[in-house]
S.K.: 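Here it is: the structure, laid out below.
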Amino acid sequence: MPIQFDVDPTVARLAATTSAFVREVVIPAELACGGSVHDGPEDLRQTLQKAAREAGVFAPHVPTRWGGHGLDLRGQATVFEAAGYSLLGPLALNCAAPDEGNTHLLEQVATDDQKQRYLRPLAAGETRSCFAMTEPAPGAGADPRALRTVATRVPGGWRIDGHKWFISGARGAGFAIVMARTSGDPGDPGGATMFLVDAGTPGMRIVRDIETLDEGLFAGHSEIVFDGCVVGDEQVLGAVGQGFAGAQVRLGPARLTHCMRWLGAARRAQDVALERAGSRLAFGAVLGDLGMVQQMLADSEIDIEASRALILRTAWELDTGSASAAQLTSVSKTFVAEAVYRVVDRAVQICGALGISTADAPLARLLREVRPFRIYDGPSETHRFAIARRAVRPYRRPVPAPAEA
């Protein structure tokens, strides 16, 4: 089957409208708060999302039955890049992490009752959510099999006990999707189950908000303790013991949508660099006529175009259910995370003092935001491990047993 890279005219129009909306409405709001929304007020989110609804760009990824545009991943690639041009663009369109990934997970895995209770308000922007899997060492991190949070059977439901940290968007979220071990021991490949836990459930407590390098994710990242947190059987998401498999429904596409949004940030950084290179005089010429600056600009154009092509290829693989989708998702996440950082870093270098000014240009802020991307949703080293392991698998031969002396 040929790979289709053509952008549907309807998607192209939505992306163009999104671009205009981001420049005219969202970027002024970003500048007003300095791009820092770890403590962002709820009325900022609601105001931006109301404006997005009025502009007709709200919820591009949400299925039409829940009030969205129902774009597939190829369509999302174009629109999410346009939204990501501002740090607050995805928030305005209600396609920011972790809500975007949780929306997809609930649509695929939740029961009809769970969809009405959790998906419907999440898709409408009436509430936010978080995904609680990561734990402090020695718990689950890059290796989810290290999961130590446990859920134990009690009459009518489950008791959750454990410690989570770096849970994005937890502060103020209406509910959490919590990964807990219902069988086996830390290190075992299975035995995990996902639970829907409402905010305010006794036994779930936010310990603190973690101060981090990035500041552009609404409500930041929190540390949570579960101590005798009891939920009903109806709050099991998916099948008991199939939590890791269920999470893959979310994690694969979510890694790619991260790439889409951050590519928009890289494009913005490159636009700032190009404007500077075309107007700043130095050494008797504009910067853009100097060879070393030209090389940096060219390398960034290459990184952007290569990232976009790889995202579209991977989106096509995921949309069509290709067997190679998992491999390409890891390839895309690794390449784009590193390419985006290179683009923003070059833009800072080209702009010099302007590049590191937090008040006069967005580049220092963007650099701070994109660096953690090489860690979020699996560090580059973990993905390289998985990429190499899959690549060598068809060539693996049985190792003969050593001959007895």
Side-chain angles (χ1 to χ4, degrees), residues 1 4-22 25-26 45-84 88-129 131 169 174-175 177 196 237-238 246 248-261 264 311-312 314-322 325:
M1 184 184 299
Q4 298 295 326
F5 278 175
D6 295 340
V7 178
D8 181 272
T10 301
V11 174
R13 287 193 293 271
L14 181 59
T17 304
T18 299
S19 293
F21 170 74
V22 166
V25 177
V26 182
R45 182 181 76 91
Q46 293 180 0
T47 297
L48 287 174
Q49 292 191 352
K50 180 177 183 292
R53 289 188 194 92
E54 293 171 351
V57 297
F58 186 76
H61 60 298
V62 172
T64 55
R65 66 176 292 207
W66 302 109
H69 290 270
L71 300 185
D72 62 11
L73 281 166
R74 282 164 291 179
Q76 291 173 34
T78 304
V79 176
F80 281 26
E81 180 182 338
L88 304 189
L91 176 70
L93 271 65
N94 200 26
C95 65
D99 291 335
E100 174 265 323
N102 288 345
T103 298
H104 176 72
L105 175 61
L106 290 168
E107 171 65 20
Q108 296 296 314
V109 176
T111 65
D112 288 342
D113 287 344
Q114 289 171 340
K115 288 177 182 178
Q116 288 295 332
R117 181 174 174 181
Y118 296 103
L119 175 57
R120 184 197 57 76
L122 183 63
E126 296 170 5
T127 190
R128 292 189 297 102
S129 64
F131 188 81
F175 67 93
I177 299 174
L196 292 158
L237 179 59
Q248 288 306 313
V249 172
R250 177 190 190 278
L251 293 176
R255 286 170 178 144
L256 191 64
T257 53
H258 266 316
C259 295
M260 300 170 188
R261 292 184 290 259
I311 288 169
L312 286 171
T314 307
W316 182 86
E317 298 280 351
L318 286 165
D319 282 338
T320 57
S322 169

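Keep in mind that this is a model prediction, so the values were computed, not measured.
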S.K.: Please find the pair of heavy atoms, one from A110 and one from L237, that lie closest to each other, and give the distance.
M.R.: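 In terms of heavy atoms, the two residues are closest at CA-CD1, 3.7 Å.
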S.K.: Going by side chain to side chain donor-acceptor pair (under 3.5 Å), name the residues that satisfy it together with R250, two or more places apart in sequence or in a different chain.
M.R.: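 Partners of R250 by the side chain to side chain donor-acceptor pair (under 3.5 Å) criterion, ordered by chain and then number, come out as N102.
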S.K.: Once you round to the nearest 0.5 Å, how far does OG1 of T314 lie from CZ of R255?
M.R.: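 CZ of R255 is found 12.5 Å from OG1 of T314.
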S.K.: Not counting sequence neighbours, which residues clear side chain to side chain donor-acceptor pair (under 3.5 Å) with R13? List them please.
M.R.: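 Residues passing side chain to side chain donor-acceptor pair (under 3.5 Å) with R13: T10.
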S.K.: Rounded to the nearest 0.5 Å, how far apart are CG of L312 and CD of E317?
M.R.: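 The CD atom of E317 is 12.0 Å from CG of L312, to the nearest 0.5 Å.
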S.K.: Does any N or O in the side chain of R74 come within less than 3.5 Å of the main-chain N or O of D319, such that one atom is a donor and the other an acceptor?
M.R.: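 Such a contact is absent between R74 side chain and D319 backbone.
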S.K.: Indicate yes or no: at least one non-hydrogen side-chain atom of F175 is less than 4.5 angstrom from one of L122.
M.R.: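 A side-chain contact exists here, since the closest heavy-atom pair is under 4.5 Å.
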S.K.: Return a table of donor-acceptor pairs under 3.5 angstrom between the side chains of residues 49-63 and protein atoms on other chains or two or more places apart.
M.R.:
| unit_1 | atom_1 | unit_2 | atom_2 | d |
| --- | --- | --- | --- | --- |
| Q49 | OE1 | R45 | NH1 | 3.3 |
| Q49 | NE2 | L91 | O | 2.9 |
| K50 | NZ | E54 | OE2 | 2.6 |
| R53 | NH2 | A124 | O | 2.6 |
| H61 | NE2 | N94 | O | 3.4 |

S.K.: Looking only at non-hydrogen atoms, find the nearest pair between A77 and I311 and report the distance.
M.R.: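 Between these two residues, the closest heavy atoms are CB-CG2, 3.9 Å.
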S.K.: Any chance you could measure R120, atom CZ, to Q114, atom CD, to the nearest 0.5 Å?
M.R.: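 CD of Q114 is found 14.5 Å from CZ of R120.
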S.K.: Which atom pair, heavy atoms only, marks the closest approach of V22 to A82?
M.R.: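 Scanning both residues, the minimum pair turns out to be CG2-O, 3.7 Å.
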S.K.: With rounding to the nearest 0.5 angstrom, report the CG to OH distance, D113 to Y118.
M.R.: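 Output value for this atom pair is 11.0 Å.
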S.K.: Do the side chains of F131 and L105 get nearer than 4.5 Å, heavy atoms only?
M.R.: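 Yes; the side chains approach each other to less than 4.5 Å.
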S.K.: Which atom names give the shortest non-hydrogen contact between P90 and A83, and what distance separates them?
M.R.: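 Answer, listing the atom of P90 first, then A83: CD-O, 3.4 Å.
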S.K.: Determine whether L73 and M260 make a side-chain contact, defined as any pair of heavy atoms from C-beta on separated by less than 4.5 Å.
M.R.: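 Yes, close enough: below the 4.5 Å cut-off.
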S.K.: Testing the basics here: between L318 and P253, what is the closest heavy-atom pair and its distance to 0.1 Å?
M.R.: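 Where L318 meets P253 most closely, the heavy atoms are CD1-CA, 4.3 Å.
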S.K.: Rounded to the nearest 0.5 Å, how far apart are CH2 of W66 and CD of E107?
M.R.: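 It is 7.0 Å, given to the nearest 0.5 Å.
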S.K.: To the nearest 0.5 Å, tell me how far L106 CG sits from R117 CZ.
M.R.: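 CZ of R117 is found 12.0 Å from CG of L106.
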S.K.: If you take all heavy atoms of G89 and V26, which pair is closest and at what distance?
M.R.: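 It is N-CG1, 3.5 Å.
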